[in-house]
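I have placed the structure first, in the form of structure tokens, so that the comments after it can refer back to it.
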Amino acid sequence: MVSPAPPQTRLRPTRLLPAAAPGAVAEAARLLASGGLVAFPTETVYGLGADASNPQAVAALYAAKGRPAFNPLISHTQDAASARRLGSFNRAANILAERFWPGPLTLVVPYAGGDGVCDLARAGLDTVALRVPAHGDAAALIGAFGGAVVAPSANRSGHVSPTTAAHVMDDLEGRIDAVLDGGPTPVGVESTILDVTGEVPVLLRPGGLAREEIEAALGHAIARPDATDDARPLAPGRLASHYAPRAVLRLDATHVAPGEALLTFAGAAPDGTPAAGSVLDLSHSGDLTEAAARLYGALRALDASGATAIAVVALPRTGLGEAIYDRLARAAAPRPSRGPSTSEIPA
């Protein structure tokens, strides 16, 4: 069965909401709560916001940006207390949060569990990237929304990061619901990302907070990831394989072997489907946004079914299909070869 062509990102009117206007922040929060996409200013660059707990909204965000892969996203919270409810903070993380939040620092910490940040936003990892932005409009929006907001830079993938609302409109008008216009951003470069899951913090991305300031606060040097060591994953968010089920994945399957589970798309029913142990369809209608939103949950459900292998039908490899296939290929990679990848840094 030939899968249907992936749908194009739907065009919709993009509203420009002056942040100082009465009701603008409340309207932007309402749009986020309804699953919409809202760009907003931080002290670094404009971020493209979506409800971190809503996989459908996160999938729509990837589609709007045209991202080539489901990299883990940074979840923005109103304050450090809110961030600590989402992640487990060690001594170094607590020192840095107290010293530099709100501010242009992202901390990668173990995920505390719950549904505050969905699997898709974390790219299936058991860690979460957290930041408390130091911008009044960002804090007001996140506070009015009442939860974590994922917000990679508000531009098409591969384009220059935006520092004004006009930049955002140039790239994303017709692809998102609104832009909260708070004027030019003061820092102009993305946040510094630090992995603080181990004994020695690791600098994943230089940014708006200098290494020297971080080291002064900690009282010791921080490390850089060793991208040449393929034997061990040095940094969450840089793994060649994200969520990998216990069951073996078999991609582009044209038949289902006895005992296998089936992950299908758009109603595809390869030979042997009636005998499959479990069957899940990522999207009966062939909607790649829906498929992306359901991807990690489907893998976990099929894994929990007890199947030792999962047959995966061929999916489209354009649009979000490319990202879905990328994650499936990583999950199917032989276990011994999995190692760090410098491309997997939270956005």
Side-chain angles (χ1 to χ4, degrees), residues 1-7 9 53-63 67-73 111 115 117-126 239-338 341 344:
M1 175 178 177
V2 178
S3 299
T9 300
S53 70
N54 183 340
Q56 192 77 17
V58 174
L61 182 152
Y62 281 114
R67 298 188 65 137
F70 296 145
N71 294 325
L73 300 173
Y111 186 50
D115 58 4
V117 181
C118 68
D119 268 347
L120 187 59
R122 293 181 288 109
L125 296 169
D126 59 4
L239 303 181
S241 173
H242 283 199
Y243 177 71
R246 291 180 296 273
V248 175
L249 263 64
R250 186 167 60 84
L251 305 184
D252 299 327
T254 57
H255 71 282
V256 183
E260 285 187 320
L262 173 65
L263 184 62
T264 189
F265 176 75
D271 292 343
T273 294
S278 297
V279 179
L280 283 177
D281 196 321
L282 288 174
S283 173
H284 291 284
S285 64
D287 184 337
L288 286 171
T289 300
E290 179 184 20
R294 298 188 63 194
L295 175 62
Y296 289 113
L299 286 175
R300 292 180 190 276
L302 291 178
D303 210 20
S305 73
T308 58
I310 301 171
V312 183
V313 301
L315 281 84
R317 297 189 191 178
T318 56
L320 281 180
E322 181 181 6
I324 294 168
Y325 185 83
D326 171 81
R327 281 298 169 265
L328 288 169
R330 292 174 188 273
R335 302 303 197 273
S337 68
R338 288 173 179 169
S341 167
E344 299 299 337

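Scope of the values below: all heavy atoms of this structure, side chains included, with no hydrogens, waters or symmetry mates. Note that this is a predicted model, so its numbers are computed, not measured. Numbering starts at 1 and runs along the sequence shown.
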- prompt: Which atoms form the tightest heavy-atom contact between Arg300 and Gly124, and what is the distance?
  reply: NH2-O, 3.7 Å
message: Set out, in order, the CA-CA distance, both residues' side-chain angles and the distance that settles side chain to side chain contact (heavy atoms under 4.5 Å, CB included) for Leu315 and Tyr325, then state yes or no.
response: CA-CA 7 Å; Leu315 281 84; Tyr325 185 83; 5.7 Å; no
message: I'd like to know if Arg317 pairs up with Asp252 as an ion pair, taking the criterion as any Lys NZ or Arg NE/NH1/NH2 lying under 4.0 Å from an Asp or Glu carboxylate oxygen.
response: yes
- prompt: Can you tell me how far the OG1 atom of Thr264 sits from the CG atom of Leu282, to the nearest 0.5 Å?
  reply: 8.0 Å
statement: On a heavy-atom basis, the closest approach of Phe265 and Ala291 is CE1-CB, 3.8 Å
field: Under 3.5 Å donor-acceptor, Arg294 side chain and Pro55 backbone
entry: no
- line: Between Glu260 and His255, the two heavy atoms sitting closest are OE1-O, 4.3 Å
task: Determine the minimum heavy-atom distance between Asp303 and Ile310, stating which atoms define it.
output: N-CD1, 4.4 Å
- prompt: Is any side-chain heavy atom of Pro245 closer than 4.5 Å to a side-chain heavy atom of Leu302?
  reply: no
- request: Kindly determine whether Leu295 and Leu120 satisfy side chain to side chain contact (heavy atoms under 4.5 Å, CB included), including the steps that lead there.
  value: CA-CA 8 Å; Leu295 175 62; Leu120 187 59; 5.6 Å; no
- prompt: Minimum heavy-atom separation for Gly259 to Ala307, with atom names?
  reply: O-CB, 4.2 Å
- prompt: Where is the tightest heavy-atom contact between Thr289 and Gln56, given as atom of each residue plus distance?
  reply: CG2-NE2, 3.8 Å
- prompt: Can you check side chain to side chain contact (heavy atoms under 4.5 Å, CB included) on Leu299 and Leu249, steps first, answer last?
  reply: CA-CA 10 Å; Leu299 286 175; Leu249 263 64; 4.1 Å; yes
- prompt: Got a donor-acceptor contact below 3.5 angstrom from the Asp271 side chain to the Thr254 backbone?
  reply: no
message: Donor-acceptor pair, distance only, cut-off 3.5 Å: does the side chain of Arg122 make one with the backbone of Val117?
response: yes
Trace of the side chain to side chain contact (heavy atoms under 4.5 Å, CB included) decision for Leu263 with Leu328: CA-CA 11 Å; Leu263 184 62; Leu328 288 169; 4.2 Å; yes
- prompt: In Å and rounded to the nearest 0.5 Å, what is the CG to OH distance from Asp119 to Tyr111?
  reply: 8.5 Å
- request: Can you measure from CD (Glu290) to CG (Asp281) and round to the nearest 0.5 angstrom?
  value: 8.0 Å
